[in-house]
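Letters A, B, ... mirror the listed sequences (proteins, then strands); counts begin at 1.
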Amino acid sequence: MSTDAKNNTALMEKIVSLCKRRGFIFQSSEIYGGCGGVWDYGPLGAELKRNLRTAWWNAMTREREDVLGLDASILMNPAIWKASGHVDTFADLMRECSLTNKRVRADHVDPQDGVIMNYTGAQAPTGWKLDRVISVLMKKGEHIESLRKRVRTLIASNAGEAAGKPEEIELLGEAKGDTVEGSVDFHPETGGALGPARPFNLMLKTYLGPTATEDDVTYLRPETAQAIFAQFKNVFDSSRMKVPFGVCQIGKAFRNEVTPKNFTFRSREFEQMELEFFIKPDEAVEIISGEVAQWSENADLSEPQPNWGWDMWHRYWVAQRTRFYEGIGLGGVLEYYWQTPDDLAHYARACVDILCDFPFGTEELEGIAARGSFDLTAHQTASGKTQEVFDEDLKNAAAKLTNEQKEALIQKRLAAEQAKVKGEPMPEADVRAWFERLFKGNYVPHVIEPSAGLDRMALAIIANAFNETEKTDEKGKKEVITVLRLHPRVAPIKVGVFPLLKNKPELVAKAREVYALLKKHMNVFYDETASIGRRYARQDEVGTPFGITIDFDTLGEKGPELQDTVTLRHRDGGEQERVKICDLLPKLLAAVS
RNA sequence: GCGGGUGUAGCUCAGUGGUAGAGCACUUCCUUGCCAAGGAAGAUGUCGCGCGUUCGAAUCGCGUCACCCGCUCCA
């Protein structure tokens, strides 16, 4: 491991340790030895998550006119997961390469010719040993030395650092095996023998009903999005909304990840915050507005416009989400990755990953995808229930088009279908049928999907707020000071209230008064033990942005001007100001909301 | 899933076959005049879990679970 990587691992360990010590995050089921890939949030973690959830919910729906909330069940009719493609994608039989553990779909192995080479194991000068039979296909025309080199390289990369340099690995007990033709038992790239075909499903299966037969199988949802699609018509019909509008949801999702890792970053149970923002197809926008706005570097994305097509809406949501992250203190550590056509799923038109700096690397916080009408159309087809909306503006505008104008639109779309890089072009008859419905004002909405992970967000917040400095006191004793520089809005505790001394009843009584005053409005922590400095430090470590100290001036010892004023201490920098008790609440509320 | 590593007090760790330890944290009391002060007393561990070897296991062996690292996976 490089020095950087080691430092980052050490940093991550400190963060994990702080999270446990101060009650942010615990290992699930710890007293029973834990449970792989799931985590519990302690008192402070629960507050932090709640603050993030509230910030998101407010930004996405309460502060907007065009987005509504939903809270759907985790268990759903399994037909939803068949329609969405989740069952098929994950129910494939997979085979694993015995050399590299690379997986391939069992039905996607190309037949190969060659000679099977067998080894009884391998060893390295580092003392590392592999004690298992290795079978590799020496492809027709391949030189034995080239095969050996390949095997050594693959073994070394799979074994990690323990095996040392590939060229020093010794292959043991080489023996020539059978000659095969058209064999599908070897990995097409590595040549390693493939293991048995096994189902590989990332969805957590369960049974609805006590009989637990295969007929009762359903899944814990692997994403919250599908519930929004499945309830689209109900929300639309019950809310009097018009496209464009969105439906958002916060909730748990479950994936049987192969390797949960990086603390809470990739876990098997996690919380998603997703918005499905439904928009008109570009053709509808063009008919109504006469044009579709083109994006450029200096495009104004602040207010949605009627002539926005999917591209503008997509970029608008990227900008909106960026603003959100800035508002919770992550503005400085974001990166963006625009997926290339190769990365994109066939149904997606564009997808931006919002990445964030973590100690273990720059990783995805949120994905913002333009998914076309893929999801609603899939549910329409599978359920047999129309997911179309009727758009009167569109019908009226279309009625004014000449036949030539209509045909021009159809021709433009047909050309676009032919130019598609991924997926099959839509047959002309289907395109014409679709336009037929469109000209009457009917279409299945398209969608922009910003999908964020709450647990990742919480981890990003903690990791980026984590700050350690070394301090030397008067006696020359060095100590490490830890401060979580959390944005006041997300901090689990907003303010600490301290009497300067605990053996002066007047100070304690006044401090309890201030505590009671603030507690109704925010999470406040009262502490009278240990020295004032230590109490400040304890709160710094959990990111409490403010500290209030009740001292003798508060009691009026230095005269009436200072009576009923307190010291307000700021976490970052430790500067202090004198504030009247009656001014505290408005001042603090402004800072934390 | 593969390979490597780790697991001892709340945290960080020492302890290599013979009575479980330190620092910090914690509790109580005294003291305290703004940034991890001091004093006194105290509590805290089936040494991840299970099986085995042994007169005796935190220590050795096997298994298992969890976490970390590297692969792999990640619509």
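Here the separation of B/A25 from B/G17, taken at their C1' atoms, is 33 Å to the nearest Å. One P atom belongs to B/A22, the other to B/U44, and the distance between them is 14 Å to the nearest Å.
Pair check for B/U27 finds B/A41; Watson-Crick or G-U wobble, both atom distances under 3.5 Å. The partner of B/U32 cannot be assigned: no Watson-Crick or G-U wobble pair with both contacts below 3.5 Å exists in any strand. Using the Watson-Crick or G-U wobble rule with both distances under 3.5 Å, B/A14 pairs with nothing in any strand shown. Taking a pair to require two hydrogen-bonding distances under 3.5 Å in either a Watson-Crick or a G-U wobble arrangement, B/C67 pairs with B/G5. Under the Watson-Crick and G-U wobble criteria, each requiring two contacts below 3.5 Å, nucleotide B/G61 is paired to B/C51.
Of the listed nucleotides (B/C68, B/A75, B/G10), B/C68 has the atom at the smallest distance from the side chain of A/E13. Relative to the side chain of A/F552, the nucleotides B/A36, B/G33, B/U31 differ in distance, and B/G33 lies closest. For A/K261, taking side-chain heavy atoms from C-beta onward, the closest of the listed nucleotides B/C34, B/G70, B/C11 is B/G70. Listed candidates were B/A75, B/C67, B/A36. Nearest to the side chain of A/W39 is B/C67.
A/Y336 pairs by the ring-ring contact (aromatic ring centres under 6.0 Å, His included) definition with nothing, not counting sequence neighbours.
As judged by a 4.0 angstrom heavy-atom cut-off over every strand, A/G37 is placed among residues touching the sugar-phosphate backbone only. Nucleic acid contact class of A/Y347 (heavy atoms, under 4.0 Å, all strands): sugar-phosphate only. Nucleic acid contact class of A/T482 (heavy atoms, under 4.0 Å, all strands): base. At the heavy-atom level, A/K504 lies nowhere under 4.0 Å from the strands shown. In this structure, A/R538 reaches the sugar-phosphate backbone alone: every heavy-atom distance under 4.0 Å involves primed, P, OP1 or OP2 atoms, never a base. Residue A/G574 is classed as a base contact, given a heavy-atom separation below 4.0 Å to a base. Among the heavy atoms of the strands lying under 4.0 Å from A/I481 is at least one base atom, whether or not backbone atoms are also near. Residue contacts shown for A/T549 include a base, since a base heavy atom lies under 4.0 Å away. Within the 4.0 angstrom heavy-atom criterion, no nucleotide atom of any strand lies near A/V566. A/E363 comes within 4.0 angstrom of no nucleic acid atom, judged by non-hydrogen atoms across all strands.
OP1 or OP2 of B/A36 lies within a sub-4.0 Å distance of a side-chain N or O belonging to A/K471. A close approach under 4.0 Å does not occur between any side-chain nitrogen or oxygen of A/R534 and OP1 or OP2 of B/C24. For A/N503 and B/C29, the shortest distance from a side-chain N or O to OP1 or OP2 is not below 4.0 Å.
No hydrogens or angles were tested; on distance alone, a donor-acceptor pair under 3.5 Å links the side chain of A/Q576 to the base of B/C34. At a cut-off of 3.5 angstrom, counting only N and O atoms as typed in the model, there is a donor on one side and an acceptor on the other between the side-chain of A/Y536 and the base of B/C34.
Geometric assessment of A/R569 against the ring of A/Y536 yields a positive cation-pi assignment under the 6.0 Å and 45° thresholds.
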>> Before you tell me yes or no, could you show the steps for A/V136 and A/R150 under side chain to side chain contact (heavy atoms under 4.5 Å, CB included), namely the whole-Å CA-CA distance, both residues' side-chain angles and the distance that decides it to 0.1 Å?
In response: CA-CA 10 Å; A/V136 196; A/R150 187 172 82 233; 3.8 Å; yes
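Whole-Å rounding puts the A/N262 CG to B/C73 C1' distance at 13 Å. Atom CG of A/L194 is separated from atom P of B/G1 by 18 Å (rounded to the nearest Å).
Residues A/S267 and A/V38 are not in side-chain contact: their nearest non-hydrogen atoms beyond the backbone lie 4.5 Å or more apart. Counting heavy atoms from C-beta outward, A/V444 and A/Q380 have side chains that approach closer than 4.5 Å. The shortest side-chain heavy-atom distance between A/Y41 and A/L48 does not fall under the 4.5 Å cut-off.
In summary, A/E528 and A/K504 do not engage in a salt bridge, as defined by a charged side-chain N under 4.0 Å from a carboxylate O.
In this structure, A/F263 and A/T567 both approach RNA chain B, and ranking their closest nucleotides by distance from the 5' end singles out A/T567.
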